**Student:** 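This is the structure I want to talk about, given as structure tokens.
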Number of protein chains: 2
Amino acid sequence: MLYSEKMTSTDKKVRYLPKSEQGAYTRETAAAGVEQALKLLEGRWKLVILFHLFGGHVMRFSDLERAIPAVSQKMLIQQLRQMEKDGIVRRIVHHQVPPKVEYALTDWGQALCPALDALLTWAADRPPLETSAATDETAQ
Amino acid sequence: MLYSEKMTSTDKKVRYLPKSEQGAYTRETAAAGVEQALKLLEGRWKLVILFHLFGGHVMRFSDLERAIPAVSQKMLIQQLRQMEKDGIVRRIVHHQVPPKVEYALTDWGQALCPALDALLTWAADRPPLETSAATDETAQ
DNA sequence: CAGCATCCTACGGGATACTG
DNA sequence: CAGTATCCCGTAGGATGCTG
């Protein structure tokens, strides 16, 4: 379980732990934590970029542009920079006369892979979703 | 690895599999799959609701309203209904003279817990993020 | 109690043009 | 090559009021 399940109707915040004291979350802190994590991934192109960088691939700006034709320069740079300041992506500048900038994942960014895999697996396990039958307890 | 890593510069879509044929993803389908999954979780209140329902808790509308004071009725109902049609939440209507509607997670919804846990763990492992030093390969 | 309807605003993100 | 700068628009989501 993610958070302490020991709660009765006297449901105050049982043991709020400041942060990074992993092992104990309340509903609120757990939700907030996941929200924080998701915010880092929100953005139309973040995931696409991420999946192009997974596996230690190092790509320069123009490589990414070519790999993701639908993205605009503005968006590409914007999302890359955000992920950089979030510590997910590493930006490597080579000072040359035709500029050369490469992007790669940080170790932490690379560590996202299994987490995303869990989501992917969850999504794949989706049942056919029945066409609005039952779920009506009238007969009880 | 999430997707087949066997790609050379001849990087066409190596084996695009229609769906739910888990075990083989390209960068594109993997990214799209995760995007799909994340779309189900996007929404200012989805996670908060989710974490209140985790653990098999069954709550009626007014319970959720009280548990999440900051949410408006409109938003609460909207996100609940979306999660319902997405197959994450189960809506249980009791036909009574003061109406009574309860919400609970589906099995699939409950199965989200470990995936979100993975994200939470990842987020908790975030390194201090150094104040913009290095990462400049000028000296090479 | 458990909603639906309407109005309104902030902002993510697309298109386009320019630059060190 | 690797960006920055403007303009513009769709939509998520807040506030408020009404109803079976």
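Chain A is the first sequence line, chain B the second, and so forth, proteins listed ahead of strands; every chain is numbered from 1. Please read all numbers here as calculations on a predicted model, not as lab measurements.
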**Student:** Base, sugar-phosphate, or nothing: which does B:Gln79 touch, judged by heavy atoms less than 4.0 Å apart?
**Tutor:** sugar-phosphate
**Student:** Classify the ring geometry between A:Tyr103 and A:Phe61 as parallel (under 30°), tilted (30 to 60°) or perpendicular (over 60°).
**Tutor:** tilted
**Student:** Atom CD of B:Glu42 to atom P of C:dG12: distance rounded to whole Å?
**Tutor:** 12 Å
**Student:** Pair B:Leu119, A:Leu41 - check side chain to side chain contact (heavy atoms under 4.5 Å, CB included), show working.
**Tutor:** CA-CA 11 Å; B:Leu119 271 172; A:Leu41 304 179; 4.3 Å; yes
**Student:** Would you kindly give the CG-to-C1' distance between A:Leu41 and C:dG12, to the nearest whole Å?
**Tutor:** 16 Å
**Student:** What is the distance, to the nearest angstrom, from the CZ atom on B:Arg81 to the C1' atom on D:dG13?
**Tutor:** 18 Å
**Student:** Distance check needed: D:dT11 P versus B:Gln78 CD, whole Å only.
**Tutor:** 13 Å
**Student:** Minimum heavy-atom separation for B:Gln79 and B:Ile49, please, with both atom names.
**Tutor:** CB-CD1, 4.1 Å
**Student:** Considering heavy-atom distances to DNA chain D, does A:Asp63 or B:Met75 have its closest nucleotide positioned more toward the 5' end?
**Tutor:** A:Asp63
**Student:** What heavy-atom pair brings A:Arg126 and B:Asp86 nearest, and what distance separates the two atoms?
**Tutor:** NH2-O, 3.1 Å
**Student:** Check this one for me: any side-chain N or O of A:Ser62 less than 4.0 Å away from OP1 or OP2 of D:dA2?
**Tutor:** yes
**Student:** What is the separation between atom CZ on A:Arg60 and atom P on D:dC1, rounded to the nearest whole Å?
**Tutor:** 8 Å
**Student:** Can you tell me how far P of D:dA15 sits from CH2 of B:Trp45, to the nearest Å?
**Tutor:** 9 Å
**Student:** Which whole-number value in Å describes the distance from A:Ile77 CD1 to C:dG14 P?
**Tutor:** 15 Å
**Student:** Has the side chain of A:Lys74 got a donor or acceptor atom sitting under 3.5 Å from an opposite partner on the base of C:dG14?
**Tutor:** yes
**Student:** Have a look at A:Pro99 and say if it touches a base, only the backbone sugar-phosphate, or nothing, with a 4.0 Å heavy-atom cut-off.
**Tutor:** base
**Student:** Measure from the side chain of A:Arg44, starting at C-beta and using heavy atoms only, and say which of C:dA2, C:dG14, D:dA2 lies closest.
**Tutor:** C:dG14
**Student:** With a non-hydrogen cut-off below 4.0 angstrom, is A:Ser72 in contact with a base, only sugar-phosphate, or nothing?
**Tutor:** nothing
**Student:** Hey, which of A:Gln36, A:Glu35, A:Glu42 is the one that makes side chain to side chain contact (heavy atoms under 4.5 Å, CB included) with A:Leu38?
**Tutor:** A:Glu42
**Student:** Please report the distance, rounded to the nearest Å, between CD in A:Gln82 and P in C:dC11.
**Tutor:** 14 Å
